[in-house]
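What follows is a set of notes on a single structure, which appears directly below.
Letters go in sequence order (proteins before strands), and every chain restarts at 1.
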2 protein chains.
Amino acid sequence: MAAAPQDRRPTVEQEIDQRLAKAGLRWTRGRRAVVEAMGRSTAPMSVPELQSAVGPGVPLSSLYRIITDLLEAKVLLKLEFAEGFARFELDEELASHHHHLVCTSCGQVADLELADLEVTLGASVKSIRRRTGFRATAHRLDFFGLCAACA
Amino acid sequence: MAAAPQDRRPTVEQEIDQRLAKAGLRWTRGRRAVVEAMGRSTAPMSVPELQSAVGPGVPLSSLYRIITDLLEAKVLLKLEFAEGFARFELDEELASHHHHLVCTSCGQVADLELADLEVTLGASVKSIRRRTGFRATAHRLDFFGLCAACA
DNA sequence: ATATATGCAAAACTTTTGCATACAA
DNA sequence: TTGTATGCAAAAGTTTTGCATATAT
């Protein structure tokens with residue numbers, strides 16, 4: 001659903017602009033390329049994947065520095081799936097809260113929304129705080145198994 | 001509760017023995033030290049943590065090789081919390097299925113059991129298979145926030 | 001104009017590997 | 001005894017950093 005004229009909620013682009021500004025970061029060619037590549041992807045990307053999505057204009061060291069900055073600005077989220085390297089995706093508030101399906105055979109990682117579960121998880125957060133004093137502000141739920149193609 | 005004489009279920013040690021044997025692995029001093037250190041810990045350990053728990057008798061390269069072997073034998077489980085390095089814990093069937101509370105302030109990782117949630121998650125696994133064809137055989141749920149001490 | 005971001009090269013950190021020796025079965 | 005595991009050193013893979021230059025504001 002596109003933003004209607006009377007919609008006062010900022011677009012994703014505007015929201016990203018704001019986060020960069022708040023972090024004191026400039027809107028540069030490299031950062032634009034990374035954010036756009038992330039926006040095009042439907043699953044968290046590794047740095048090599050990001051590099052080929054962005055094209056040869058951005059060297060590795062810059063990619064890593066851009067990622068570090070975007071993490072600090074809360075534009076990106078860092079994920080690790082016990083693969084030995086990190087993956088990244090757009091911050092959940094910029095996209096939507098979701099979980100991951102990790103295929104243990106081919107390594108593919110897919111996004112998945114499970115709205116009904118979130119209610120239950122919200123209740124768990126309260127019970128955790130009551131039982132342990134831990135104040136959870138975020139969670140991650142990943143499923144491991146075989147994707148349709150590998151099964 | 002200790003195993004009663006009539007209890008036919010193997011102890012954790014026997015179960016580990018079996019898994020090593022099935023994988024064709026010998027029960028050596030280094031592996032024993034690692035398994036014991038893991039058994040003593042209540043939270044997943046990084047390799048440096050494991051190294052100091054085990055003491056100076058086991059060099060890094062051996063530790064990593066031992067970990068690799070124990071992962072293959074399904075005695076250990078590998079976890080990553082987007083810290084840039086891996087953590088390890090005893091396989092869930094050797095301990096108990098649980099989740100993690102990761103403090104984003106001090107970095108502490110604590111174990112947590114949430115039995116009631118497992119039922120809901122089981123239902124989700126079925127719904128995922130129906131909707132996407134993905135066959136989940138395991139899951140991981142981690143909560144991020146502030147531990148009681150940091151809050 | 002000025003502070004910030006980039007590009008290149010070098011380095012740091014985690015993890016893996018080759019090879020000779022030591023050890024478990 | 002025989003194959004497996006270990007220890008040391010060297011290397012590989014991922015991520016970080018120093019410094020000079022280029023760029024956004």
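Atoms CD1 (B:I66) and P (C:dT17) sit 16 Å apart, rounded to a whole Å. Taking atom CG on B:D69 and atom P on D:dG7, their separation rounds to 13 Å, with Å as the unit. Separating the CZ atom of B:R87 from the P atom of C:dT15 is a distance of 11 Å, rounded to the nearest angstrom. At whole-Å resolution of the value, CG in B:D17 and P in C:dA24 are 15 Å apart. Between the C1' atom of D:dT16 and the CD atom of A:E72 lies a distance of 13 Å, rounded to the nearest Å. Going from atom CD1 of A:I67 over to atom P of D:dT16 covers 9 Å, rounded to whole Å. Going from atom CD of A:E49 over to atom C1' of D:dT15 covers 17 Å, rounded to whole Å. Here the P atom of nucleotide C:dT15 and the CG atom of B:L63 are 11 Å apart, to the nearest Å.
A cation-pi arrangement is absent between A:R135 and B:F144 under the rule of less than 6.0 angstrom and at most 45 degrees off the ring axis.
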Quick one: side chains of residues 101-122 of chain B, donor-acceptor pairs under 3.5 Å with protein atoms, not counting sequence neighbours, listed by atom name and distance.
| from | atom 1 | to | atom 2 | distance (Å) |
| --- | --- | --- | --- | --- |
| B:T104 | OG1 | B:G145 | O | 3.3 |
| B:E113 | OE2 | B:S96 | OG | 2.9 |
| B:E118 | OE1 | B:H97 | NE2 | 3.3 |
| B:E118 | OE1 | B:H139 | NE2 | 3.2 |
| B:E118 | OE2 | B:H97 | NE2 | 3.4 |
| B:E118 | OE2 | B:H99 | NE2 | 3.1 |

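Between B:A86 and A:G24, the residue anchored nearer the 5' end of DNA chain C, judged by the nucleotide with its closest heavy atom, is A:G24.
Separation of atoms CG (A:L94) and CG (A:L76) is listed at 8.5 Å; rounding is to 0.5 Å.
No donor-acceptor pair closer than 3.5 Å links the side chain of A:Q51 to the backbone N or O of A:P59. Side-chain atoms of A:R87 do not come within 3.5 Å of backbone N or O of A:M45 as any donor-acceptor pair.
OP1 or OP2 of D:dT15 has at least one side-chain nitrogen or oxygen of A:Y64 nearer than 4.0 Å.
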Task: Reading 5' to 3' through nucleotides 18-25 of chain D, protein heavy-atom contacts under 4.0 Å coded B for base, S for sugar-phosphate only, - for none - done: BB---BBS

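Here the side chain of B:F85 is nearest to one of C:dT6, C:dT15, D:dG7, namely C:dT15.
With salt bridges taken as basic N to acidic carboxylate O contacts below 4.0 Å, none links A:D17 and A:R19.
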- [ ] Under the side chain to side chain contact (heavy atoms under 4.5 Å, CB included) rule, what do A:F88 and A:L77 come out as? Steps first, then yes or no, please.
- [x] CA-CA 6 Å; A:F88 304 88; A:L77 225 52; over 6 Å; no

